[in-house]
Amino acid sequence: MASSERVQRALVAAASLSLEEREELITELILGLERDRESEPGYDEAWSAELRRRVDGVVSGKSKGVLWPQVRREIEARLAERRRESA
């Protein structure tokens, strides 16, 4: 999926921001998506149940977390793959 020219310009502009500014931008973009998205029936209840399941798993010791460096590598690999596919 190729990015539009507008998205490319936004990415170039975002690249010049400081780390803190990029974090703020990402947060605002995600919050904007959540505000604009119309929830499907049962969405909130399903997410509440999923969050409770995950919390229970961590509290009980059945679920182990993944360290941030590993998660970051996986995210970067996925993004690199998407870029190759859209080129």
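- Screening Arg54, Arg52, Arg53 against Asp56 for a salt bridge (charged side-chain N to carboxylate O under 4.0 Å, His left out) leaves a single residue, Arg52.
- Residues Leu51 and Tyr43 share a single hydrophobic cluster, defined by chaining ILVMFWY side chains whose heavy atoms lie under 4.5 Å apart.
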How far apart are the C-alpha atoms of Glu81 and Arg84, what are their side-chain angles, what is the distance that settles it, and do they pass the salt bridge (Lys or Arg N to Asp or Glu O under 4.0 Å) test? CA-CA 5 Å; Glu81 180 62 29; Arg84 282 191 296 273; 2.7 Å; yes

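- When hydrophobic clusters are built by joining Ile, Leu, Val, Met, Phe, Trp and Tyr residues whose side-chain heavy atoms come closer than 4.5 Å, directly or via intermediates, Leu79 is not grouped with Leu11.
- Atom CZ in Arg22 sits 9.0 Å away from atom OG in Ser16 (nearest 0.5 Å).
- Between the side chain of Glu21 and the main chain of Ser18, a donor-acceptor pair closer than 3.5 Å is present.
- Residues Leu17 and Leu19 fall into different hydrophobic clusters, defined by Ile, Leu, Val, Met, Phe, Trp and Tyr side chains chained together at heavy-atom separations under 4.5 Å.
- The line from CD1 of Ile26 to CG of Leu31 is 12.0 Å long, rounded to the nearest 0.5 Å.
- Applying the salt bridge (charged side-chain N to carboxylate O under 4.0 Å, His left out) test to every pair with at least one member in residues 4-13, sequence neighbours left out, gives these pairs: Glu5-Arg9.
- One distance of note links CD of Glu24 with CG of Leu29; it measures 10.5 Å at 0.5 Å rounding.
- Remark: Glu76 CD is packed, more than 12 non-hydrogen atoms of other residues, nucleotides or ligands lying under 6.0 Å away.
- The CH2 atom of Trp68 sits 11.0 Å away from the CZ atom of Arg73 when rounded to the nearest 0.5 Å.
- Shown here for Ala14 and Leu25, the closest heavy-atom pair between the two residues is CB-CD2, 3.8 Å.
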